[in-house]
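Reviewing the structure listed below.
Values below: all heavy atoms of this structure, side chains included; hydrogens, waters and symmetry mates excluded.
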Amino acid sequence: MNTSKAQMAALPLLEKDHAVSVRTFKFYTHLSLPVGAAVSLAFAPFNIWLLAIACFSFLFLAWEDATPKQAAQRGFLFTAGTYLAGTYWLYHSIRTIGHAPFLLTMFVMVALVAIMAAYTALVGYALKRWIPAQGWIRWLLVLPGAIVILEWFRGWFLSGFPWLALGYTQTDTWLAGLAPVGGVYTVSLAVTLCAGAVVAIILGSKNTRIAAASVIVVLWLVGFSIHNKEWTEKTGEPISVAIVQGAVPQEMKWAESQRDKTIELYRGLTRQHLGTQLIIWPEAALPGLSYELNDVLSEEWTAAHAAGSALVLGQVHYDPDEQVYFNAVLALDKEPQWYAKRRLVPLTEYFPTLPAWLTGWLRSMDLPYSGFKAGIDNPPPLDAAGQKLALTICYEDAYASEQLDVLKSATLLVNVTNDAWFGDTTAAHQHLQISRMRALEAGRQLLRAGNDGISAIIAANGVVEKSFPRFKPGVLTGDVQPRIGLTPYAKVGNWPVIILSFVFLIAGLWPLMARRKARG
């Protein structure tokens, strides 16, 4: 009877606890999508970098008292929000430029978002299901380590999609000073450590709060202390450069009626700057294959050579021996040299096994030369204007570790791109931010030639020294300083931060191992 009365008396408390639990569940679940979407505002062009820390603090709190299933659900919604808001520009390239049916466009976009979100869902589930650590070990070790491993994994698995890594949000803060030391994922680790520290300050004991605040202070002080450190050294005198931006709209680029106009546009803009030591055109600048444009290229090479200029241009190249296409860069100086793009864009530049009807549509998009072959791994730099140029084409500059080998001899970085595929969206700004991170990691200046922008000259510390307005034809000119030497990151790559992150994650198993040891 007494037990029954006690149970009856406890019912209101249980009902109250249940009601609080339901409200908490709804709060975190309902807000996961919009808070995740807010992460996109931490990237360029908005650059509200503090949101990266604040939003991931929310995610860590949302996982705190969740079941494995709830953690998976909240993680999925959070990252879905980030990629829905952060890669909305895919609609322009697939639907507006590619003329895909609306339903197919939606399918492709939703599939990408679902895949990216599924990674976070799996991490959330696994952490709650198999990692028993709580308190400061969870907040300051396990969670930051798990997010960095997640970013690294999705950056290479099944070709990878390294876009929107958290480290990019800090290109204009003191934390950017960590990039030459450990790369973009080290900056991501700093961001997630700050997010975990915020959670520890909210939920932890007095000593934990002091330790968490100390972590934040130390990270930012270290970043500040090395923010302007020069990790590489100057070599030779500065050289003059001219970056030609044709600003030809993508929907007009491959039209037969536009071919001669495009050639005359680039020729006219270039002739005004002959005598500049290095002249760069963007990705696939001229609409045609290299052998179809032999006369044009020969004429431009002759004029440039006579004026003491080297010409580097993006050009679609056809190899008649192998009967394959390359998205390539041609350097015309003492002799012609080719660089072929290594990281091709799935479903546009190369085609996995797909249904015939889908492959047929993909091949009918505005770029007539698709089905490219990837270039060789670890190609040497191109020689132009007395410099060793480390080349990347379009989004392959997002694959940081694949550009490390060439830094042993390269003196300048060059990225040629065509962000006209994405129209007047945030894509070009995000891409420029990625290029800035590559300059930081390499400790070298980066020259960026975009078909319709953003063409830019980026300093070795990641600062944009000069840029040219988007959607306007013209030429960006300036002087750049070649550099040699290797930053710590260029020497060791991503492995130190990845190994450290795995150590952080394994630390979460310590309570489980301790219990097993205590049992005998």
Side-chain angles (χ1 to χ4, degrees), residues 176-177 179-181 226-244 270 272-282 300-314 329-339 378-393 397 400 403-416 435-449 455-468 475-491:
V181 177
I226 58 177
H227 187 254
N228 291 314
K229 179 178 173 59
E230 292 191 9
W231 297 95
T232 54
E233 59 185 79
K234 299 176 182 177
T235 179
E237 296 298 319
I239 68 167
S240 57
V241 300
I243 300 173
V244 181
T270 301
Q272 300 172 31
H273 296 275
L274 289 178
T276 303
Q277 290 169 275
L278 180 61
I279 302 173
I280 305 173
W281 293 2
E300 294 307 302
W301 185 12
T302 300
H305 184 72
S309 299
L311 179 60
V312 175
L313 61 143
V329 169
L330 173 61
L332 297 172
D333 194 355
K334 295 178 181 178
E335 60 182 11
Q337 305 156 74
W338 287 98
Y339 165 84
N378 299 322
L382 300 188
D383 294 306
Q387 302 304 315
K388 301 284 188 180
L389 307 182
L391 267 296
T392 54
I393 299 175
D397 68 341
Q403 301 165 43
L404 298 182
D405 188 70
V406 73
L407 295 180
K408 296 172 184 176
S409 54
T411 56
L412 291 171
L413 309 181
V414 176
N415 175 253
V416 299
S435 295
R436 293 177 61 193
M437 183 61 71
R438 297 294 86 82
L440 267 165
E441 292 169 341
R444 283 163 175 74
Q445 290 209 254
L446 188 147
L447 307 175
R448 190 171 193 275
S455 297
I457 297 174
I458 303 172
N461 63 358
V463 173
V464 177
E465 292 184 341
K466 288 185 175 182
S467 63
F468 198 83
V475 181
L476 177 66
T477 61
D479 294 326
V480 296
Q481 176 61 62
R483 305 183 77 90
I484 57 173
L486 297 176
T487 63
Y489 174 69
K491 294 177 182 178

Please, which pairs that meet salt bridge (Lys or Arg N to Asp or Glu O under 4.0 Å) have at least one residue in residues 226-243, sequence neighbours excluded?
E230-R483

Spatial distance of atom CG (L313) from atom CD1 (I280) [nearest 0.5 Å]
10.5 Å

K491: what forms a salt bridge (Lys or Arg N to Asp or Glu O under 4.0 Å) with it, not counting sequence neighbours?
none

Sequence neighbours excluded, which residues qualify as side chain to side chain contact (heavy atoms under 4.5 Å, CB included) partners of P488?
W231

Qualifying residues under side chain to side chain donor-acceptor pair (under 3.5 Å), relative to T392, sequence neighbours excluded
N415

If we only count heavy atoms from C-beta on, is the R438 to L446 side-chain gap below 4.5 Å?
yes

In chain order, what residues pass the ring pair (Phe, Tyr, Trp, His ring centres under 6.0 Å) check against W338, with sequence neighbours excluded?
H317

Just so I know, are the side chains of D397 and L413 near enough to count as touching, which here means a heavy-atom distance under 4.5 Å?
no

For a quick test of your reading: what N or O donor-acceptor pairs under 3.5 Å do the side chains of residues 382-389 make, sequence neighbours left out?
| residue | atom | partner | partner atom | Å |
| --- | --- | --- | --- | --- |
| D383 | OD1 | K388 | NZ | 2.7 |
| Q387 | OE1 | T411 | OG1 | 2.8 |

Partner residues of R444 under the salt bridge (Lys or Arg N to Asp or Glu O under 4.0 Å) criterion, sequence neighbours left out:
none

Does a donor on one side chain sit under 3.5 Å from an acceptor on the other, for Q403 and E441?
no

With T276, which residues qualify under side chain to side chain contact (heavy atoms under 4.5 Å, CB included), at least two apart?
S240, A242, H273, I279

Flag, side chain of Q445 to backbone of G462, donor-acceptor distance under 3.5 Å:
no

What residues, two or more places apart in sequence or in another chain, satisfy side chain to side chain donor-acceptor pair (under 3.5 Å) together with T270?
W281

Could you list the residues that satisfy side chain to side chain contact (heavy atoms under 4.5 Å, CB included) with P380, not counting sequence neighbours?
none

Which residues pass the salt bridge (Lys or Arg N to Asp or Glu O under 4.0 Å) test with D479, sequence neighbours left out?
none

According to side chain to side chain donor-acceptor pair (under 3.5 Å), who are the partners of Y339, at least two apart in sequence or on a separate chain?
R342, E396

